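Let me begin by handing over the structure; questions about it come next.
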There are 2 protein chains.
Amino acid sequence: MDTFAARGYNNASLAEIADRAGLTQAGVLHYFRSKSLLLTSVLELRDDSDIEQLGTERPRGLRFLHHLVETARRNAEREGIVRLYAVLSAESVTDDHPAQDYFRGRYAGLRAFVTDAIVETCGLGTGTADADRARHAANAVIAVMDGLQIQWLLDPAAVEMTASTELVIDAILAGLTRERPAASD
Amino acid sequence: MDTFAARGYNNASLAEIADRAGLTQAGVLHYFRSKSLLLTSVLELRDDSDIEQLGTERPRGLRFLHHLVETARRNAEREGIVRLYAVLSAESVTDDHPAQDYFRGRYAGLRAFVTDAIVETCGLGTGTADADRARHAANAVIAVMDGLQIQWLLDPAAVEMTASTELVIDAILAGLTRERPAASD
DNA sequence: GCACACCTACTAAACACTTAGTAAGTGGTC
DNA sequence: GACCACTTACTAAGTGTTTAGTAGGTGTGC
C-alpha cells in the first residue's frame with residue numbers, strides 16, 4: 001500500500017515492496033502471481049477493511065452525506081490512504097491500467113449511493129429533471145472530495161478538506177431544496 | 001502530449017514519443033536533454049497556448065466564474081488535454097515527480113484567481129471569516145472540476161461536466177450571498 | 001514423505017541516456 | 001565562387017541499470 005501510494009503503480013517495483021515486507025521479490029510473487037494482481041488485491045483488501053469499519057448498516061439520506069464530511073475529516077489524518085486512492089484513480093485512466101475496472105465499479109457504486117442520499121434528503125421527485133439534478137449534484141460531491149485530495153497532497157496548508165467538503169454539500173442541498181419549495185419536510 | 005496523456009509520465013517511453021514524432025529516441029534527446037525536461041516543456045507549452053487563446057485580458061468576478069463553466073464545456077471536446085492534466089496532476093504527488101513544482105504553482109495561481117472572483121462576485125468583506133469562506137469555496141470549485149474529469153475519463157456517459165460544474169458554482173454563490181444579506185448588489 | 005513457504009539465481013526485455021559519427025547547412029575570407 | 005571553420009540535426013549502436021517474471025532448490029512442520 002505504502003509503495004503504490006508513494007510511487008503509483010508503474011513506478012513501484014516489486015523489489016521495493018518485497019524489501020518493506022521483509023522478503024525477496026520472488027517471495028512476493030509466491031503470494032501474488034503478478035504485479036497487477038498484487039495491486040488489485042491491495043485495493044480490494046482496503047475496501048473490505050473500510051466496509052468492516054463502517055459496520056453492517058450503511059447510513060441513509062442526510063446521515064450518509066454527513067458521513068462523507070466525516071470521512072473528509074478523517075482523511076486529513078490518513079495521508080497514506082488518501083494518496084493511494086488519489087494517485088491510482090487518476091493513473092487508472094491510462095491505457096491498459098490494471099485498476100481500471102476497479103475504479104469504474106467503485107465510482108458507479110459511489111454515484112448510486114450519493115444520488116440516493118440526495119434524492120432522499122431533498123425530497124426530490126421521480127421526474128427526469130429532478131433525477132438529473134440529483135445525479136449532477138452527486139457527481140459533483142464525489143468530485144469535490146477527490147479534487148481536494150490532490151490539492152491537499154501537493155500543499156496541505158492551502159486546503160481544508162473538511163471545510164470545503166461541508167461547504168459544497170450544504171450549498172448543494174440548500175440549492176436543491178430551495179428550487180422545490182413544495183417539498184414537505 | 002498524447003503519449004504522456006495516454007500512459008502517464010513514468011510509463012511513457014522516449015521510444016514511443018520518438019516514433020510518433022517521426023525520429024529516433026536519440027533525436028528526441030537532442031532537443032530535450034532529459035525525459036523530465038521534455039515533460040515540463042510540454043506542460044509549459046500547453047500553458048502558453050492556453051494563455052494566448054484566452055487573450056490578454058482575463059475576465060474578473062462573475063464573468064471569470066462563467067468562464068470556468070465554459071472551460072468545462074470545452075473540455076468535454078478535448079479528451080487529450082483533459083487526460084494529460086488529470087493523469088499528470090495526480091501522478092505529480094508521488095515521490096520526486098518532475099511536474100510537482102509545476103502543479104503546486106499552477107494550483108496556487110488558480111486558487112488566488114478563483115478566490116478573488118468569488119470575493120468580488122459575492123461582495124465579501126475583508127474579515128477572516130469571509131476570507132476563509134471564499135478560500136474554501138474557491139478550492140472546492142477547482143476540486144470539483146478536477147474530480148469530474150477523472151470520473152468522466154473513466155465513464156463519459158455517467159458524467160456531465162458542464163452541468164455539475166455549473167450546479168456547484170451556482171449553489172456556492174447563492175450560499176455565500178444568502179449568508180450575508182447586507183451585501184449590496 | 002509431502003506440502004508449504006520461501007530463497008537463490010537466473011532470463012529476457014525495456015529503459016534512459018551516451019557516444020561517435022554523418023549529412024546538410026551557414027557565414028566569413030580570399 | 002571556392003574554400004574553410006563551425007553549427008545544427010539528426011542516426012546507429014551501444015552502456016549500464018532496472019524490471020517483472022521463472023526455475024529449481026532448501027528448510028520446516030506435519
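Each chain gets a letter, A, B and so on, in the order the sequences are listed, and its residues count up from 1. The structure displayed is predicted, hence computed values, not measured ones.
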Residues in side chain to side chain contact (heavy atoms under 4.5 Å, CB included) contact with B/Leu45, at least two apart in sequence or another chain: none
Under 3.5 Å side-chain donor-acceptor pair for A/Arg111 and B/Gln151: yes
No-hydrogen, no-angle side-chain donor-acceptor test under 3.5 Å, B/Tyr85 and B/Asp146: no
Rounded distance in Å - CD (B/Glu16) to P (C/dA16): 10 Å
Sugar-phosphate, base or nothing in reach of B/Ala12, heavy atoms under 4.0 Å: sugar-phosphate
Sugar-phosphate only, base, or nothing, as touched by B/Ala21 at under 4.0 Å among non-hydrogen atoms: nothing
Integer-rounded Å distance: C/dA16 C1' and B/Ile17 CD1: 11 Å
Side-chain N,O (A/Ser13) to OP1/OP2 (D/dT18) below 4.0 Å: no
Rounded distance (Å) that lies between atom P of D/dA20 and atom CG of A/Asn11: 10 Å
Heavy-atom closest pair, residues A/Gln100 and A/Asp96: NE2-N, 4.2 Å
Just the atom pairs and distances: protein N or O near nucleotides 17-22 of chain C's N or O, under 3.5 Å.
| residue | atom | partner | partner atom | Å |
| --- | --- | --- | --- | --- |
| C/dC17 | OP2 | B/Lys35 | N | 2.8 |
| C/dC17 | N4 | B/Gln25 | OE1 | 2.5 |
| C/dC17 | N4 | B/Gln25 | NE2 | 3.3 |

B/His30 NE2 to D/dT8 P, straight-line distance once rounded to whole Å: 8 Å
CZ/B/Arg20: more than 12 non-hydrogen atoms of other groups inside 6.0 Å: yes
Value in whole Å for how far the P atom of C/dA16 lies from CZ of B/Phe32: 15 Å
Distance, rounded to the nearest Å, where A/Asn10 contributes CG and C/dC15 contributes P: 11 Å
Minimum heavy-atom distance A/Gly61-A/Thr121, with the two atoms named: C-OG1, 3.3 Å
Closest nucleotide among C/dC7, D/dA9, D/dT19 to the A/Leu23 side chain: C/dC7
Salt bridge (Lys or Arg N to Asp or Glu O under 4.0 Å) partners of residues 159-177 of chain A, not counting sequence neighbours, each pair once: A/Glu160-B/Arg135
Sugar-phosphate only, base, or nothing, as touched by A/Thr24 at under 4.0 Å among non-hydrogen atoms: base
